[in-house]
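Numbers restart at 1 for each chain; the letters A, B, ... are given by sequence-line order, proteins then strands.
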Amino acid sequence: MTVRTRFAPSPTGYLHIGGVRTALFNWLFSRRHGGQFLLRVDDTDQQRNVEAALAPILHGFRWLGLDWDEGPEAGGPYGPYYQSQRGELYQAAVNQLLAQGAAYRDYATAAELQSEREAAQAAGRQFTYSRRWMAETPREAERFEAQGRQGVVRLKMPRDGELALDDLIRGEVRFAWASEQDHVIQRADGSCLYHLASVVDDEAMKITHVIRAEEHLPNTPRQVFIAQSLGYAVPAYAHLPYVAEPGSKTKLSKRKLDKYLKNRDFTALVDRGGRIAARLGLETTADTFNPVIVDFYEQIGFLPDALLNYLLLLGWSFDGEREEFSRPEMVQHFSLERVNRAPASFDPQKLLAFQDRAMQRLPLAEKAARCLALLQRAGLAGEPPGEEAQRLLADVLAAAGDRVKLAGDILDYEEFFVDDQSFPYDAAAVAKRISGPAAARDLLRRYAAELAGIEPFTAAALETHLKEFVERRGVKLGDIVHALRVAVTGKAVGFGLFDALAILGRSRCERRIGRALAL
RNA sequence: GGCCCCGUCGUCUAGCGGCCUAGGACACCGGCCUUUCACGCCGGUAACACGGGUUCGAUUCCCGUCGGGGUCACCA
């Protein structure tokens, strides 16, 4: 039997980080077993603009490199892959359920149901529908309809016995059938609901393993009931613990950004992204720019592999020691047996650590390609970039080394990519390193005068020269290094000063020092 | 509240009866390196929720308590 897993997003307009982890585990499991991974759109509630709401989700999958064998755009032998287009299949299933007595037409009104519920609650009993408005024959149905009632189709759940479910992650889980409700599977207008559709599609699409978030665990009995009633082979279930809020065990939610911002690590991540977004002129509303949404990471220059590696470790472990996995290694080692049962809270710091290490391993050329895209978005490089810009980028990247942790961090070095007259000077840095120290301006002036004689104009030669310069003048290296850095970059921090000087070149250095002197 | 799930350092986790004076990673705190920042290196603080069993021996097995969470729709 070929392993087939699926991820069934509802077209909501964004890809939730927890959803990505669920998708990743599905993808990994299918790849591990040489099977297929499919995407199916759960749009049973018929939103108007499914395509538009689906686009960001597919975009996210593509960015992450989680390819799907069947689904939207990919097609496949079991399509269509949109539930809104599979109505006949659901109708047939409903008819079969009805014919077998596993479902019934029900004519209760919302108010009637409500009063039964309240009565049960008042009596301290668990609510179980009386089935008073159940129509088991066409004649009964006609009678109710004559009263102007609208019929829905409900599942006729067993009222005794129990279901022992063998979950691949949780082991055996038992549910008493009596505590299940007669859920509606088809509305009065004929449209079908998620649970029915999901079970019918999983069967039709030959899904062998349903790997999904824990919140679906309580839904499982009714799905098993539908599957069994229809004579389907029940798929294997694996319920993943959900991704929790930072520092809490509550499910991570897109809507609670304000709350998460009280968490220091989360705030650090948002601020980090915000700085980059500001330079890119991106909108930063919680709807689009939010670490709970995958787009956030793409926009500020995360590496997909780093995000995935982090997410992999959120609930799964190899041996407790090893944490770094390349894409093929993930596929090779993944197993459901090593998925943890407890929810795991999202830790922005650790994510950043994975990103940091992944970036350090990245060959310079690839790093440059990723940074270039951000530079272009910020308008600091042309499309295509000139040869000069590419050389500059490579030099800056080589000099910056580990400091560029996100592709967007390249924007911290924007001063190298702009005109000598345009880059800004940090006022505090100027005050501390140039205006403050009495000798700073004089040293800068004397140094600038010697620039013309430094040959070759390389980092090594510049260093030798500056050391000799400070010795000659009887000052310490620190007396001029800081002033010089501020003079040529506008900032108090940055990579090696000699690299900066060499990258800029002689004439740009002269111009910049001249500008700083006039400040 | 009913049903279900879960419970090892702040966080992610290893541990499937003795190897545990509980290991790794991130974070944190010190120190080193150093022209700033970052990296790197060295060291440190820090956890088995609690109570009963079972056993020669429990972090590991069982029960209970407590705690946390999920779910209870004509949403998905």
Q) Checking all strands, does A:Val173 fall into the base, sugar-phosphate, or nothing category for heavy-atom contacts under 4.0 angstrom? A)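 Sugar-phosphate: the residue A:Val173, judged by heavy atoms under 4.0 Å, touches backbone atoms but no base.
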Q: For A:Lys251, answer base if it contacts any base atom (sugar-phosphate contacts may also be present), sugar-phosphate if it contacts only those atoms, and nothing otherwise; contact means non-hydrogen atoms under 4.0 Å.
A: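 Touches sugar-phosphate only.
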Taking the six-membered ring of [Y] as reference, does the cationic atom of [X] (NZ for Lys, CZ for Arg) lie under 6.0 Å from its centre and within 45° of its axis?
X: A:Arg472; Y: A:Phe469; result: no
X: A:Arg149; Y: A:Tyr107; result: no
X: A:Arg154; Y: A:Tyr129; result: yes

When you check the phosphate oxygens OP1 and OP2 of [N], does a side-chain N or O of [X] lie under 4.0 Å from one of them?
X: A:Arg338; N: B:G15; answer: yes
X: A:Arg187; N: B:C75; answer: yes
X: A:Thr44; N: B:A76; answer: yes
X: A:Arg170; N: B:C5; answer: no
X: A:Asn340; N: B:A14; answer: yes
X: A:Ser345; N: B:U11; answer: no

Q) Is there a Watson-Crick or G-U wobble partner for B:G64 with both distances under 3.5 Å, and if so, which one is it? A)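 Because both required distances fall under 3.5 Å, B:G64 counts as paired with B:C50.
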Q: Hunt down the Watson-Crick or G-U wobble partner of B:G30, both distances under 3.5 Å, from any strand shown, or write none.
A: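 The answer is B:C42, by the H-bond criterion.
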Can you tell me how far [atom1] in [N] sits from the matching atom in [M], rounded to whole Å?
N: B:C29; M: B:G18; atom1: C1'; result: 35 Å
N: B:A49; M: B:G68; atom1: P; result: 15 Å
N: B:U60; M: B:A27; atom1: C1'; result: 28 Å
N: B:C50; M: B:U8; atom1: P; result: 11 Å
N: B:C33; M: B:A25; atom1: P; result: 24 Å
N: B:C20; M: B:G2; atom1: C1'; result: 41 Å

Would you state whether a donor and an acceptor, one from the side chain of [X] and one from the base of [N], lie under 3.5 Å apart?
X: A:Gln121; N: B:G1; answer: no
X: A:Asn219; N: B:A76; answer: yes
X: A:His195; N: B:A76; answer: yes

Q: Check A:Lys259, A:Lys262, A:Arg255, A:Lys254 against A:Glu245 for a salt bridge (charged side-chain N to carboxylate O under 4.0 Å, His left out) and give me the one that passes.
A: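 For A:Glu245, the salt bridge (charged side-chain N to carboxylate O under 4.0 Å, His left out) check succeeds only for A:Lys259.
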Q: Using the closest heavy atom to pick a nucleotide of RNA chain B for each, name whichever of A:Arg21 or A:Arg174 lands nearer the 5' end.
A: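 Checking each residue's closest nucleotide, the 5'-ward one belongs to A:Arg174.
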Q) So do A:Ser10 and A:Tyr194 actually touch side chain to side chain, heavy atoms under 4.5 Å? A)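 The answer is no; the side chains never approach within 4.5 Å.
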Q | Base versus backbone protein contacts along nucleotides 28-49 of chain B [heavy-atom cut-off under 4.0 Å; B, S, -] | A | S------BBBBS----------
Q | Residues A:Glu51 and A:Tyr82: side-chain donor-acceptor under 3.5 angstrom | A |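 Present: a donor and an acceptor within the cut-off.
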Q) Is there ring stacking between A:His216 and B:A76, where the centres must be under 5.5 angstrom apart and the planes under 30 degrees? A)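 One would call A:His216 stacked on the B:A76 base.
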(Q) Tell me if the centroids of the rings in A:Phe423 and A:Phe417 come within less than 6.0 Å of each other. (A)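 No, the ring of A:Phe423 stays outside the 6.0 Å limit from the ring of A:Phe417, centre to centre.
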Q) Charged N to carboxylate O under 4.0 angstrom, A:Asp356 versus A:Lys405? A)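 Salt bridge: yes.
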